[in-house]
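Taking it in order: structure first as structure tokens, then the write-up.
Just so it is clear: chains get the letters A, B, ... in the order the sequence lines come, proteins before strands, and each one is counted from 1. Only heavy atoms go into these numbers, but all of them, side chains included; no hydrogens, no water, no symmetry mates. Bear in mind that the values here come from a model prediction, so they are computed numbers and not experimental data.
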2 protein chains.
Amino acid sequence: MKSDGRLARMLHVLVHMGLLGGRETSERIAQMLNTNPVVVRRTLGALRKHGIVESEGGRGGGWKLTRSLAQITVLDVQKALLEGQMLPAPLSSDHPNCPVERASNAVLEHAHKLAEAELEKAYMATTLEHIAKTAVSKV
Amino acid sequence: MKSDGRLARMLHVLVHMGLLGGRETSERIAQMLNTNPVVVRRTLGALRKHGIVESEGGRGGGWKLTRSLAQITVLDVQKALLEGQMLPAPLSSDHPNCPVERASNAVLEHAHKLAEAELEKAYMATTLEHIAKTAVSKV
DNA sequence: AGATACTGTAACCAAAACAGTTGCAGAAAG
DNA sequence: CTTTCTGCAACTGTTTTGGTTACAGTATCT
């Protein structure tokens with residue numbers, strides 16, 4: 001399974017933005033992430049749609065958090081990045097009428113729903129401020 | 001995120017094999033899954049390495065379960081198909097020494113471990129016989 | 001007004017993972 | 001010694017993420 005690094009990268013950069021306090025350009029954020037300004041705009045754009053950050057064009061523009069680190073949970077960020085389910089069950093659809101396939105799929109779906117609930121619970125319980133404090137205390 | 005259909009397909013076909021009782025060729029299994037004999041051999045090959053099925057070459061050969069459906073759990077099948085972790089945390093590794101990145105990664109890792117434990121528990125609690133009975137009762 | 005410093009977005013290419021396909025070597029039964 | 005199987009390598013297609021280039025739009029400064 002392929003891991004999608006966007007969540008980790010966004011957590012990383014949002015915490016930095018919160019700690020710095022001001023507005024940051026895509027260029028500077030890209031340097032924080034060892035990547036490209038366009039990738040940053042692409043990904044932060046998804047967060048903007050969900051009201052987590054706001055952007056301003058033109059000279060002196062850039063990106064800023066719309067609320068404090070304490071008011072943003074990991075789940076907020078994840079939901080902004082994901083279109084669909086967080087942990088979709090990998091079902092088969094080769095024979096939709098086969099009762100065996102349906103029974104297998106039902107088992108997988110149930111298990112994934114349990115795991116997803118656990119993941120969501122953990123994500124919801126963690127704010128970006130918590131991450132920031134952990135990081136600072138370990139410097 | 002991309003869903004890997006191998007687990008669902010293998011559950012499907014293993015239950016069929018268990019219900020039929022005998023030896024099945026890659027050709028017939030491929031028809032059950034609407035796919036190709038080579039894909040079947042490739043995937044069942046992973047299960048053979050873990051002792052879940054055995055194969056015989058030559059005329060009259062094919063694939064057979066090594067134990068009963070009641071003695072195979074979904075987790076057994078999943079472990080046979082997966083090399084690494086079941087639910088790897090999608091971490092970032094852009095700045096390994098940055099305490100913020102490390103704190104973000106730690107949070108993600110912890111949450112995924114909880115979810116993975118839940119998934120593993122559900123997989124371990126479900127045998128293929130359970131799937132077979134569910135399917136048969138719903139015919 | 002016009003240069004400058006930003007974002008927004010489209011259009012590509014690259015890499016990774018799973019799936020599908022062809023081709024052929026090897027083995028076992030008839 | 002032919003037929004019927006598996007085993008395996010090699011190639012292609014597809015999807016998803018990431019990286020890059022290019023260019024249009026916008027706000028600020030002089």
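Note on residues 19-37 of chain A: pairs passing salt bridge (Lys or Arg N to Asp or Glu O under 4.0 Å), not counting sequence neighbours, are R23(A)-E56(A), E24(A)-R28(A). Residue pairs satisfying the side chain to side chain donor-acceptor pair (under 3.5 Å) criterion with at least one member in residues 64-73 of chain B, sequence neighbours excluded, are listed as follows: R67(B)-D76(B), S68(B)-Q71(B), T73(B)-D76(B). Pairs passing the ring-ring contact (aromatic ring centres under 6.0 Å, His included) check and including a residue from residues 8-43 of chain A, sequence neighbours excluded, read H12(A)-H16(A). Residue pairs meeting the ring-ring contact (aromatic ring centres under 6.0 Å, His included) criterion with at least one partner in residues 38-94 of chain A, sequence neighbours excluded, are absent.
Positionally, the nearest nucleotide of DNA chain D for W63(B) lies more toward the 5' end than for the other of W63(B) and R9(A).
Taking atom CG of residue L81(A) and atom C1' of nucleotide dT16(D), one finds them 14 Å apart after rounding to whole Å. One can place CG of L7(B) at 16 Å from C1' of dA19(C), the figure rounded to the nearest angstrom. In this structure, K49(A) atom NZ and dG8(C) atom P are separated by 11 Å, rounded to whole Å. Nucleotide dG18(D) holds its C1' atom 15 Å from the CG atom of L44(A), rounded to whole Å. Here the C1' atom of nucleotide dG7(D) and the CD atom of E54(B) are 16 Å apart, to the nearest Å.
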In B/S/- notation (B base, S sugar-phosphate only, - none; protein heavy atoms under 4.0 Å), nucleotides 25-30 of chain D written 5' to 3' is -BBBS-

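Listed by residue number, the members of residues 23-42 of chain A with any heavy atom below 4.0 angstrom from DNA chain D are T35(A), N36(A), V38(A), V39(A), R42(A).
Residues passing the side chain to side chain contact (heavy atoms under 4.5 Å, CB included) test with A122(B) are A111(A), L114(A), sequence neighbours excluded. Residues that satisfy the salt bridge (charged side-chain N to carboxylate O under 4.0 Å, His left out) test with K113(A), not counting sequence neighbours, are absent from this structure. The side-chain hydrogen bond (donor to acceptor under 3.5 Å, both in side chains) search around S55(A) returns R48(A), not counting sequence neighbours.
Annotation for H110(A): atom NE2 does not count as buried by contact number, only 12 or fewer foreign heavy atoms lying within 6.0 Å.
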